[in-house]
Structure formats: structure tokens, C-alpha cells
Number of protein chains: 2
Amino acid sequence: MDDRSHTAATASDALEVLSAPYAPLRETETGPRSLSDVAYARFIDALFDRRITPGATLSQADLVRILDVPLAPLRDALRVLQTEGLLTIHARSGIALAKPDFGMIRNTYQLRAILERAAIRSFAEIAEIGLIGELTDCAEAVIVAVQGQEISAAGAQAVERIDFGFHMRVVACLQNPLIQTTYRQAHSFDRLIRLDRAFRLSAPLVVRTMIEHLDILAACARRDANVAEAALEVHFARAMQRAMGCA
Amino acid sequence: MDDRSHTAATASDALEVLSAPYAPLRETETGPRSLSDVAYARFIDALFDRRITPGATLSQADLVRILDVPLAPLRDALRVLQTEGLLTIHARSGIALAKPDFGMIRNTYQLRAILERAAIRSFAEIAEIGLIGELTDCAEAVIVAVQGQEISAAGAQAVERIDFGFHMRVVACLQNPLIQTTYRQAHSFDRLIRLDRAFRLSAPLVVRTMIEHLDILAACARRDANVAEAALEVHFARAMQRAMGCA
DNA sequence: TTCGAGACTCTGATATATCAGTTGTCATGG
DNA sequence: CCATGACAACTGATATATCAGAGTCTCGAA
């Protein structure tokens with residue numbers, strides 16, 4: 001037992017280390033400077049920590065208490081979150097949080113697929129071989145790390161980060177801030193979806209995902225945009241099925 | 001002279017009438033209910049009425065005076081406009097409005113092209129023949145209406161609305177609110193670009209644009225997605241060139 | 001079932017605090 | 001004596017907190 005828990009810890013650590021390089025991708029800014037940004041970040045965190053549940057309606061006062069931010073910055077953040085589609089402000093009757101449904105899943109994956117299908121062609125053609133190799137090594141290392149292990153919460157987060165990092169790198173290759181912002185937005189929808197549907201990671205699932213990544217990367221390494229695009233389409237179709245809980 | 005101004009007026013009227021059916025597409029809501037929405041709308045209007053100039057930096061107080069809205073709702077609106085990329089809020093040093101440059105043009109048209117290329121395939125395959133016919137008739141009517149005329153300001157607006165209506169209908173066919181919102185956002189960038197680059201409509205230009213629309217629609221009527229996509233790509237390439245002022 | 005009162009909630013306004021940018025002055029070096 | 005640099009106070013703008021107002025939902029009673 002000791003042995004097993006030890007290896008599990010090692011695997012988790014390995015995942016942490018692997019995902020470390022992706023950390024900078026997440027923080028586009030040096031850090032939140034206004035309370036509005038803090039409120040926004042706290043809201044997202046609270047959402048993904050399940051401290052506020054999707055689909056619920058709650059008041060601004062509730063959020064002030066939960067997030068521990070003043071009212072005005074919270075209002076600013078709520079307005080932004082509304083334009084992003086994560087909630088709806090019903091005047092004088094509360095904040096309605098978005099509840100992921102099948103329509104939302106479809107919309108999110110459709111948008112992601114459209115953007116990334118365009119990006120993968122560029123990526124396959126112009127991405128530096130070094131970057132492709134790096135991502136490949138990382139995916140392979142993940143497979144080794146999770147092989148036959150239970151995935152801890154921290155490990156799941158690390159896998160999340162690696163998965164997102166891969167996709168974001170692909171999209172980043174278009175060098176288009178508009179698209180990156182949109183993609184990031186779609187990604188937070190995606191996180192919300194997986195969260196709500198009690199989506200749990202398992203080692204075989206992670207392995208399957210990483211193998212799909214490797215398929216895509218292999219095509220990119222061969223500079224074969226068509227195959228890369230096809231592999232990406234397969235990846236998205238399967239990811240959507242997984243998100244829908246038909247994995 | 002009388003005769004000419006008379007026909008010009010007629011042409012303008014014709015454009016107004018033609019664009020009328022597209023009006024409902026613009027207002028997604030029944031109307032602004034909160035002052036924040038008013039502030040947002042006023043800002044956009046002021047931008048496109050050139051009452052505030054792109055690239056300038058101004059203070060919240062200035063905007064309160066110009067837009068004639070209270071401070072708090074304005075702040076809400078500014079926060080949204082910042083996430084949309086139309087401005088940057090510099091803490092305690094003013095609001096920097098986005099200035100369209102070549103990078104922005106490229107980014108906007110790239111995003112629009114990616115989204116619409118995906119949409120046109122659906123459109124070609126599933127759009128109702130009646131709708132395609134309607135759009136075709138409209139484009140043809142525009143050509144007749146502007147033929148050899150000077151384009152008035154009202155006429156230009158009408159053409160704008162028709163052009164946007166066509167593209168929006170195509171995108172709407174995906175029935176994906178996320179994509180529609182993103183597209184709408186990109187469109188307001190597009191408007192900003194055309195505005196800044198002193199982009200003026202001329203009759204031959206409108207005619208060329210409408211002919212490109214007709215090419216696309218013809219392919220859609222034949223249910224030929226590949227040709228439609230190709231025609232759309234040509235349209236976007238030319239539209240970008242036009243926006244860059246190389247028309 | 002319907003109507004009314006009350007409480008609760010969001011919205012908009014105002015005052016205060018904090019912070020970035022600027023300008024002026026003083027000291028030091030040439 | 002003049003020029004240049006740094007430092008400090010000031011100005012103006014934004015951020016935050018608090019408060020009043022208006023609308024809506026709910027609960028209870030007729």
C-alpha cells in the first residue's frame with residue numbers, strides 16, 4: 001500500500017512538473033491590478049471549485065459574501081461574465097448562472113473545432129519542429145506518468161493544464177489575439193461543461209486523449225496539414241462524446 | 001440637375017426599402033433596459049458617428065460628458081468594451097481607444113473568414129431555397145439601385161446593413177449563439193476599420209461586392225458547398241484588400 | 001384565486017481615498 | 001553662471017465605499 005501511494009504521489013508530481021511550462025500561458029497579465037479583475041478571477045475560481053454551482057440563481061449580495069469582494073468591482077466583473085455568456089443578469093431578480101446543457105456543449109465544441117481546424121493547418125505548416133517535439137515528449141510523458149494510476153485532484157488539474165496548453169499552442173500559432181481570446185472563452189465553457197456533468201478523469205481516458213494528441217502532432221511533424229486536420233477532427237468528435245458522458 | 005438629384009433620392013430610398021428587412025437582425029433585444037446598455041449603445045454610436053475618434057485617450061469624465069450617461073453605467077459599459085477589445089482601460093490615466101492598424105485588419109478578417117468559411121458550407125447545404133432567392137433578389141436590386149449613382153450617407157448605411165445582413169444570415173445558419181456573438185463582435189471591428197481608413201463607398205465598389213455575393217449565392221443555390229466556400233474566400237480576400245485601401 | 005403589503009434586490013448617485021503623471025524647485029556638476 | 005539631474009508636492013483621474021431610489025417577487029389574507 002505504501003508502495004502504491006508512493007508511486008501515485010510520484011505520478012502526481014510528475015504531472016505537476018510536466019504542466020509547469022504551461023503555467024505562463026495561463027496568466028496573460030502580470031497579475032490582477034484592479035479589484036474588478038480580482039472579482040472576475042475569484043468568480044471563475046469559485047465556479048471551478050464548485051463553491052458556486054452552475055444553474056443556480058443568486059444575488060449580488062450572495063456573491064459579495066462568497067467571493068469577498070466589494071460590490072462595485074463585482075458588478076463590473078458580472079457584466080463581463082455576462083457578455084462571455086457565463087451568466088445572465090436579471091434586473092432586480094438575481095444573477096442566473098449558465099447551466100451547461102447539450103446545446104451548450106454542441107455550441108462550444110463547434111466553435112472550438114472551427115477555430116482549431118483553421119489553426120492546425122498553420123501549425124502543421126509553420127510550427128517549429130522543436131515545439132512540436134516538446135509537445136510530443138510532454139504527451140508521451142503524461143501517458144507514462146498516469147499509466148495504471150488513479151488520478152488525484154492535483155493530477156487532474158495538471159492534465160487539464162497540459163491538454164489546454166496543447167490546444168492553446170496550436171491556436172496561438174495563428175498569432176491572432178481575437179481568436180485566442182475567443183478560444184480561451186470557449187475553453188472556459190468547456191471546463192464548465194466537464195465540471196457540471198461530473199466528468200471524471202481516469203487513466204485510460206487520459207491515455208486515449210494523449211494518444212490522439214500524438215496522432216495530431218505526428219502529422220504536424222511530417223508537415224502534413226490534411227492528416228493533421230483529420231486527426232484533429234477525430235479528436236474533437238471523441239472529446240465531445242466524452243464531454244457528453246458517452247465515453 | 002433636378003433630374004439627377006431626383007434619381008439619386010430614388011436610389012437612396014430604394015436602398016432604404018431593401019435594407020428594411022434586415023433591421024430586425026440588428027436589434028437582438030427589444031431595447032436597452034439598463035443604463036449600462038444605453039451607455040454601451042451610445043458609445044458604439046458615438047464611435048461610428050465620429051464623435052469620439054479611434055486611437056484617442058480620454059477620461060471617464062469626458063465620456064460622461066460626451067455620451068451623457070452617469071458614471072457607474074459607463075464604467076460597466078467600458079469594462080465590456082475592453083473585453084471586446086475596442087479599448088483599454090489604463091488605471092488612473094485614461095481610456096485608450098483601439099486604433100485600427102494593419103494587424104487589426106488582418107486579425108479581424110482572419111477571424112471572420114474562419115467562421116464564415118465554416119458557416120457557408122452549412123448554408124450551402126441546408127439553407128432554404130427561399131432565403132437564398134431572397135438574398136439574391138436583394139443583391140440584384142442593390143446593383144440596379146446604385147448603378148451609376150453617387151452614394152449618399154443614408155445609402156451607404158443601407159448598403160452596410162444589407163452587406164452585414166447577408167453575412168449574418170450565413171453565420172446564423174449554424175444556429176450557434178457563441179459564434180454569432182463572436183461574429184457580431186468581429187463585425188464591429190470591421191466597421192471601425194472602415195471608418196478609420198476613411199473608407200468611402202462608391203457605386204462600382206458596391207456593385208463589385210454584390211456581384212461577389214451573387215457568386216456565392218449562386219453556388220449555394222446549386223448546393224455546391226465547395227464552390228461556395230471558394231467564392232467566399234475570394235470575397236474575403238478582396239474585402240480585406242478594399243478595407244486596406246488598396247481597392 | 002386574487003389582491004395587497006412588505007421585504008428583498010438591483011440600479012444609479014455621491015463622497016472619499018488612492019494613485020499615476022506632471023511640474024517646479026533645489027542641489028550638484030560643469 | 002548655466003545646465004542637468006533628482007526629488008517632492010501637486011493635479012487630475014480612477015477606484016472604492018456608502019447611500020438612496022425604484023422595481024419585482026413572495027407571502028399572506030380575503
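We use all heavy atoms of the structure for the numbers below, so side chains are in, but hydrogens, waters and symmetry mates are not. Quick caveat: nothing in here was measured; it's all calculated off a predicted structure. Chain identifiers are assigned alphabetically (A, B, ...) following the order of the sequence lines, protein sequences preceding nucleic acid strands; residue numbering begins at 1 within each chain.
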Legend entry - Flag for His213(B)-His235(B): side-chain donor and acceptor within less than 3.5 Å: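 Result is yes, a qualifying pair exists.
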Inset, instruction - Assess the side chains of Gln241(B) and Tyr109(B): does a donor N or O sit below 3.5 Å from an acceptor N or O? - result: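 Result is no, nothing qualifies.
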Inset, instruction - Compare side-chain N and O positions of Arg75(A) against OP1 and OP2 of dT11(C) and report whether any pair is under 4.0 Å apart. - result: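 So the side-chain polar atoms of Arg75(A) do come within 4.0 Å of the phosphate oxygens OP1 or OP2 of dT11(C), strictly under.
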[X] [atom1] to [N] [atom2], straight-line distance once rounded to whole Å:
X        : N       : atom1 : atom2 : value
His90(A) : dT26(D) : NE2   : C1'   : 18 Å
Arg79(B) : dT14(D) : CZ    : C1'   : 11 Å
Ile89(A) : dG23(D) : CD1   : C1'   : 16 Å
Gln82(A) : dT11(C) : CD    : P     : 9 Å
Leu74(A) : dA17(D) : CG    : C1'   : 14 Å
Ile95(A) : dC8(C)  : CD1   : C1'   : 14 Å
Asp76(B) : dT11(C) : CG    : P     : 8 Å
Asp62(B) : dG12(D) : CG    : P     : 13 Å

Which nucleotide in the set [options] lies at the smallest distance from any side-chain heavy atom of [X]?
X        : options                   : result
Pro73(B) : dA17(D), dA13(C), dT11(C) : dA13(C)
Gln60(B) : dT11(C), dG12(C), dT14(D) : dT14(D)
Pro70(B) : dC19(C), dG23(D), dA13(C) : dA13(C)
Leu35(B) : dT16(D), dC10(C), dG12(C) : dG12(C)
Ser93(B) : dG21(C), dT18(C), dT11(C) : dG21(C)

Legend entry - Note: Asp62(A)-Arg65(A) ion pair, threshold 4.0 Å (strictly below):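 Arg65(A) and Asp62(A): salt-bridged.
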Inset, instruction - Please determine if Arg194(A) and Asp163(A) form a salt bridge, counting it only when a charged side-chain N lies under 4.0 Å from a carboxylate O. - result: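 Between Asp163(A) and Arg194(A) there is a salt bridge, with a charged N closer than 4.0 Å to a carboxylate O.
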Legend entry - 5' priority, DNA chain D, between Ala91(A) and Ala61(B) [closest heavy atom]: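 Here Ala61(B) is the residue nearer the 5' end.
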Legend entry - Closest-nucleotide 5' rank along DNA chain D - winner of Leu71(A) and Arg92(A):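 Nearest nucleotide further toward 5': that of Leu71(A).
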Inset, instruction - Among Leu35(A), Val69(A), Val38(A), Asp68(A), find the residue that satisfies the side chain to side chain contact (heavy atoms under 4.5 Å, CB included) test when tested with Leu74(A). - result: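 One option only clears the test, and that one is Val69(A).
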